[in-house]
Amino acid sequence: MDKYIIGNWKMNNSVDDLPAFVKEIKKNGKGQKNLVICVPATMIYCASKLAKGVLEVGAQNCHFVEKGAYTGEISTEMIKEVGGKYVIVGHSERRHIFGEDDALLNKKVETALKSGLKTIFCVGETLDEKPKYKSVLKKQLLDGLKGLTSFENLIIAYEPVWAIGTGKVATTDDIVKAHRYISETLKENFNINPPILYGGSVKSSNSREILALDEVGGVLIGGASLKADELLKIAESRGN
Ligand code: PGA
């Protein structure tokens, strides 16, 4: 299976950028599989219409209830209704800027997995936590996936917080160690073996060596996913 190339546009780009973006991928990226952009909620409908057969589209967050009095929130059903196939849960910006904790994320992951959306659950340590990254990852994984039994749609993203948007990419050694640890923890506690993506300052100049690692099931890309040509270069660096 082709490794995942997943863009996270965060709160960037606009609906007006979508036609040219999709056109470029259509023209130069024929046959690229598992290529996804997670766009702001307002763009999911338009992006999934335009990108049909070229790219898949996802959301960057969801609520844990299907509908109700939750002003400002968006449910997994709403994401699916407008063509979203993926959702990111527990991105470090949601954890650190918006205070989403493991208990809340556990409910979101459960709802997202049940909905049938491919659920990209993010984990990662801050710079201060780097010396004890194993215990941080273990807690995020065990608490985030607590009580869950069906993991078919789960994708894990290892994103060290110190590497996100900083230009400081983790070394391949850091990546291999963390991915192996995540993999062992998941096997031991849940008996599962989902794809584990790396995220944090991935760009076309470093993606080839990251994607060549057996432990890496793909990449989650912020800044470098905003331009179609750069995203395509990263997809092509999969070399398969
Ligand atoms: P970055 O972001 O590629 O801009 O570092 C990655 C992410 O936040 O998913």
Side-chain angles (χ1 to χ4, degrees), residues 3-14 17 21 34-41 43-44 47 55-62 79 84-100 105 108-109 112 117-127 129-130 133 136-137 140-141 144 154-172 174-175 178-179 182 194-211 213 216-238:
K3 294 190 175 187
Y4 288 97
I5 305 296
I6 303 184
N8 172 13
W9 280 13
K10 309 192 179 184
M11 202 168 72
N12 294 302
N13 279 353
S14 79
D17 295 313
F21 190 96
N34 291 341
L35 183 57
V36 183
I37 47 172
C38 292
V39 297
M43 300 182 203
I44 299 173
L55 277 165
E56 289 185 294
V57 175
Q60 302 169 9
N61 183 27
C62 65
I79 295 167
K85 302 269 189 278
Y86 289 72
V87 64
I88 300 173
V89 175
H91 187 278
S92 68
E93 286 148 20
R94 302 295 320 171
R95 290 177 187 266
H96 297 290
I97 304 173
F98 301 101
E100 296 194 357
L105 294 174
K108 289 192 177 197
V109 176
L117 287 170
K118 289 212 180 187
T119 304
I120 307 151
F121 179 47
C122 302
V123 294
E125 79 286 358
T126 62
L127 190 57
E129 293 167 337
K130 205 172 170 211
Y133 74 95
V136 172
L137 294 176
Q140 291 177 348
L141 290 167
L154 181 67
I155 297 172
I156 299 289
Y158 169 60
E159 297 207 305
V161 180
W162 47 269
I164 295 178
T166 57
K168 279 187 209 145
V169 66
T171 64
T172 49
D174 284 336
I175 298 173
H179 281 228
I182 291 169
I196 305 169
L197 317 188
Y198 169 76
S201 298
V202 174
K203 41 190 180 293
S204 61
S205 57
N206 58 31
S207 59
R208 187 174 297 277
E209 69 169 344
I210 295 170
L211 285 162
L213 300 169
V216 170
V219 284
L220 183 56
I221 314 146
S225 72
L226 296 173
K227 294 256 181 315
D229 57 346
E230 176 68 3
L231 184 66
L232 261 186
K233 277 192 206 158
I234 296 172
E236 282 159 3
S237 76
R238 282 182 286 191

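What you see is a predicted model, and the numbers here were worked out from it, not measured in a lab. Atoms within each ligand, like the ligands themselves, are counted from 1 in listed order.
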Geometry only, no angles: is [X] polar-contacting ligand 1 at N/O separations under 3.5 Å?
X: Ile164; result: no
X: Ser201; result: yes
X: Lys10; result: yes

* To do: Give the contacting part of Glu159 toward ligand 1: side chain, backbone, both or neither, where contact means a heavy-atom distance below 4.0 Å.
  => side chain
* Taking non-hydrogen atoms only, is Asn8 closer than 4.0 angstrom to ligand 1 via side chain, backbone, both or neither? -> side chain
* Pairing of Glu100 and Arg94 as salt bridge, 4.0 angstrom limit -> yes
* Could you tell me whether Lys203 and Glu230 have a side-chain N and a carboxylate O separated by less than 4.0 Å? => no
* Best match, Cys122, Gly165, Gly124: closest heavy atom to atom 5 (O) of ligand 1 -> Gly165
* Asked: Is it true that Ala163 lies under 4.0 Å from ligand 1, counting heavy atoms only?
  -> yes
* Within less than 4.0 angstrom of ligand 1, does Gly200 place any heavy atom? -> yes
* Note, Asn61 side chain near Lys108 side chain (heavy atom, < 4.5 Å) -> yes
* Asked: Less than 4.5 Å apart, any side-chain heavy atom of Ile155 and any of Ile196?
  -> no
* **Atoms of ligand 1 close to His91 [distance to a heavy atom under 4.0 angstrom, numbered from 1]** => 7 (C), 8 (O), 9 (O)
* Asked: In the protein, which heavy atom is nearest to atom 3 (O) of ligand 1, and how far is it?
  -> Gly222 N, 2.8 Å
* Asked: Tell me, which protein residue and heavy-atom name are nearest atom 4 (O) of ligand 1, and how many Å apart are they?
  -> Gly223 N, 2.9 Å
* Residues two or more places apart in sequence or in another chain: which of them pass side chain to side chain contact (heavy atoms under 4.5 Å, CB included) with Val169? -> Tyr198, Ser201, Asn206, Ile210
* So, is the end of the Lys168 side chain (NZ or CZ) under 6.0 Å from the ring centre of Trp162 and within 45° of the ring's axis? -> no
* To do: Apply ring-ring contact (aromatic ring centres under 6.0 Å, His included) to Trp9 and list each qualifying residue two or more places apart in sequence or on a separate chain.
  => Phe21
* Cut-off 3.5 Å, side chains only: do Gln60 and Tyr86 have a donor facing an acceptor? -> no
